**Student:** 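Just dropping this structure here.
Atoms considered below: every heavy atom in the structure, side chains included; atoms not considered: hydrogens, waters and symmetry mates. Sequence lines set the chain letters: A, B, ... in the order given, protein chains first and strands last, and positions in each chain run from 1. Just so we're clear, the structure is a prediction, and the values are computed from it rather than from any experiment.
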Amino acid sequence: MMDGAAGSSFLGWVMDVFETARQGVVLWFLSEDGTRCRLTQPFPVTFYAAADPARLQALQHELAQQPIKLCTYETQRRDLFINAEIPVLAIEVEQTIQQPLLFQRLSQAFPDITFYDADIQLSLRYQARTGVFPLAYCRINADANHVVQSIQPLDTPWELDPPPPPLRILSLEPDVNPVHSEPTELLIRYEKHTGRIPLQPERPFIINIASILQTYDPDILLTNWGDTWLIDHLLKLSKKWKIPLPLNREPGRGVARRGEKVYFSYGQVIHRGQQVHLFGRLHIDRCNAMLWGDYGLDGVFELGRVTGLPLQMSARVSPGSGISAMQMTTALHMGVLVPWHKQQAEDPRSALSLFYGDQGGLVYQPTIGLHSHVGEIDFISMYPSVVVHFNISSETVGSRSPQAELIPELGMTIDRTTPGLVPLTLQPLLRKRIAFKEQILTLPEWDPLKKRYKMCASAHKWLLVTCFGYLGYKNARFGRIEAHQAVTAYGREMLLAAKDVAEDLGFEVLHMYVDGLWVRKPGLKTVHDFQPILYEVSAKTGLPISLDGIFRWVAFLPSRRDECIPVPNRYFGVFQDGTIKIRGIEARRCDTPACISGMQMEVLKLMTKAASAEELPGLLPQIRALLLKRLSLIQQRVLPLEEYLVTLKLSRTLEEYKAPNTPTAAALAQLQAIGKSLRPGQRVRFLFTLGNPGVHAWDLPGMFDPQRLDVQRYKILFLRAAFTLLQPMGFSETGLEDWLFGRERPSELPIDTFRRVGQHLLPAFGLQESV
Amino acid sequence: MGRTLPSIAQVFLGEQEAFSRFRRALRRSDQLVVDDLFASAQKHLAATAYAAHALPFETFLLAMLLEEHKETMRLRQLIEEMLSPTASPSTQEQT
Amino acid sequence: MMNAIANSPGDTLELASGQILAILAPHAGRSLMLETAARFALRGPVRVLDGSNHFNAYIVARSIRRFTADIDSALARISLARAFTCYQMEALLAAAALLVQHQPAPAPATLIFDLLATFYDENVHLVERQRLLLLCQRYFRAISAHSPLLISLRPASADRPDQQTLLDEMLAFADDIWQAEAPAAPAIPRLF
């Protein structure tokens, strides 16, 4: 900290920005010298209103009556959908905190007036005006009253290696999930300290926690189930024993709660618990963070930096909200109005065009069977790349500009010359993700940066995956169905272009799935062999493409119900470096018991020894021995009980299950009987047991006797999973059992693809029917 | 947003379902043949979707025919190979 | 006035300009509306505004095919726009009302599929939804002055008084309401 005559100049990181009662905004700042300081800054907020002059006059009149400091002026701002400047009334509110309430009152009193820039997250406004985002490294000049005189970012969200803030992190974890049973102790970690504090007796426990908070003074409180249980529990104890608990740093603030939510996303029920936010300190709940397992704390920091949302929010929001925030920031930068509601509807088009437009990506049925010499090539982040490359945005699609070109298939135009809001938002994100991926490929395993880059890349992945769906989301403010359709239309054309290139170069296309192709050409073995196809596809489409890997062998599987019907995206294989890739098989599903998926992975590991499909049958004796050993462990009931656990995500409540005898419904009923209710989106765990009702919910109290396990049921699951792996080698389901239990051994094992001659066709043309 | 048109997989199931009465009245052996025909149409769902035909069943018929013809060609080649064991495998029928 | 309609009303419905006709039926009379769209498309231009992803063009194409092999021309005569929120429905109708005054005759028949679906969304304040619905009714008047107009409505959920309020407002507004009869017994009873 450098003290000057006018005040102080600091270098450091902004941890959080929020509204305060009378001083504009508060900045919690982590100075390079380790000081944590609370600074304030006046921060007037402007929003806009559009309507006919008479209504605007009425609005002005109403504004004049308001008991708060504000000023209004007429100006022109750009509306993205009209694609022109429109006259608006600007309303500037002096005290940041008063704007949301004022807007709420006005929107109710003047529902016919269109408001813009009215409900934008403060951190986004702050970033648009100052360039400062969460965890930005910056220089601040403040006066003696800690009022910010100037703030200058020395960092951008697109920095790969930003200066790391020396954050103090306190981790608190209850020993068990409170939804399942009552925790008894708390695992506490900070710096090099690790300890367990029993939750009972309560008074010493809460005194202990308060004293750690006081002395260590963490910047981040990292918890498990902090949102849904721990913080409330601590507050309850603090009140009961009258021990002050300094959860916040900001004086005079309580914790902020947001309600729990259940919603549908991509066909799944998602359950999000209530959220507890702190002031001056950040609370992050690993269990309520969107995809903690994928990206961890590094990913949360990265999300905060690139979306501009406060860290406590970016840790918990859906990727859709992240993308939305980024688009708003772009709009603020471009001087484009951010509408409160999206009113833009679809342009009328011929019903005939629906057949072309209302389609997703192309999903092929693969060529069933076992194959060698196969390479998998993928378009890198295909949809975001398409958005950026073809400049797809709400305002560029349907453009009447003379330079506009036609989108294939859709009969709509697109302006590819003026950069659109959506591509402008995505471009730096896409570039950064590609840079991360390049770094990940080149860095050695031991480099700690590699892990951080991986976390960041997976945080980006979610943002990029969502950005496309978000274009078609009904409430997305800068979304538009036509733009959404344009993305998939270009996507289909690009995949077909890649197919043409592959076939021109003599490849056989075994499978295509939206943005990936599995191509075979005997004799091709090295990455170098695939360079020509990568180059040609990239040249023809203009999109980045990469070789995901070359398979030693790969097996595409048929449907469970009919072995003649191929199923997209259900396969397993081994890359040349020995990496196993699986999709759609049991080991990939989270409801498969660990003893079954463990078996599959172990067999696959054994199968990696085969350098090509032809060598696989040579491994059959070893595979058989392994299967018999694993099966006998399961049947002897000697594995830990967790290995037998089935975990299912609930799609509905107990009352909504039509068949009460399904294992899920039965397990739910058992839990309900002891007063534990689970909501859709949460997971229920159970064991298969003998007798009725055939299940035992895992979270029931008391001991479980392993003799009750229904091992026959696990055997069926086991054989089914084993069949998945061995089917491509020519086994039938009964043939597998005969072979495994020594009843008979298939004399000949057909290798390579199945022919369409379904076995059942032969008797169909049998003599008894011939005329 | 959600889709307005059913996906091609749903359309396929719908078309198959539309013939369930026909199928039910067939001999068991013929039922299996019909299933096989539909299975061959199912192999070309992606192309059928891309075709964007207002009456997709016409495309399904062509896909069935396509698979039938592939099979004919394969069998013809097999027979030709069996009849002239000296012929090189590249001798393909002209169609 | 309330009328009852049979299950194949394509032939029975006669639409005329100047009159606002509403259909109240489960699923907002989806199949009936699709059939009606097909029948109108055989004769001339049709405008469809879809409030709940109801416009299954495959079904319309099959209906058209019963009368003509030239499906594409008939489908091309249907102009379609979809709304996913009540704000979008209001915007679509505003645009249609503006357009209808400047369109050369014959003005297209206008079919509104499941008008209230987007209005039944409780995430928007009821007062706001009522305000938007009132605007929509103004546009209906403007449209029906130039073109036949048919609106399909779905019943309100029993536990949602807000939905009933909106439905009542539409029922009071329409000049003529057709209500679907309870579905008839299956035509061919099966023994097994």
**Student:** Sub-4.5 Å heavy-atom contacts with chain C: which residues of residues 49-57 of chain B show up?
**Tutor:**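 Only B/H53, B/A54, B/L55, B/P56 of residues 49-57 of chain B have a heavy atom under 4.5 Å from chain C.
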**Student:** Which donor-acceptor pairs under 3.5 Å do side chains of residues 60-68 of chain C form with protein atoms, sequence neighbours excluded?
**Tutor:**
| from | atom 1 | to | atom 2 | distance (Å) |
| --- | --- | --- | --- | --- |
| C/S63 | OG | C/E35 | OE1 | 3.2 |
| C/S63 | OG | C/I59 | O | 3.2 |
| C/R66 | NH2 | C/E35 | OE2 | 3.3 |
| C/T68 | OG1 | C/D70 | N | 2.9 |

**Student:** What closest approach, in Å, do C/R82 and B/T4 show between heavy atoms, and which atom pair accounts for it?
**Tutor:**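 Closest pair (atom of C/R82, atom of B/T4, distance): NH1-OG1, 2.6 Å.
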**Student:** Once side chain to side chain donor-acceptor pair (under 3.5 Å) is applied, do any residues pair with C/R77, and if so which ones, sequence neighbours excluded?
**Tutor:**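 None.
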**Student:** Are there over 12 heavy-atom neighbours, none belonging to C/R138, within less than 6.0 Å of that residue's CZ?
**Tutor:**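 Count not over threshold, so no.
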**Student:** If you take all heavy atoms of B/V11 and C/Y58, which pair is closest and at what distance?
**Tutor:**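 That closest heavy-atom pairing would be CG2-CE1, 3.5 Å.
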**Student:** Name each donor-acceptor pair under 3.5 Å that joins a side chain in residues 89-98 of chain C to protein atoms two or more places apart or in another chain, with its distance.
**Tutor:**
| from | atom 1 | to | atom 2 | distance (Å) |
| --- | --- | --- | --- | --- |
| C/E90 | OE2 | C/Y139 | OH | 2.9 |

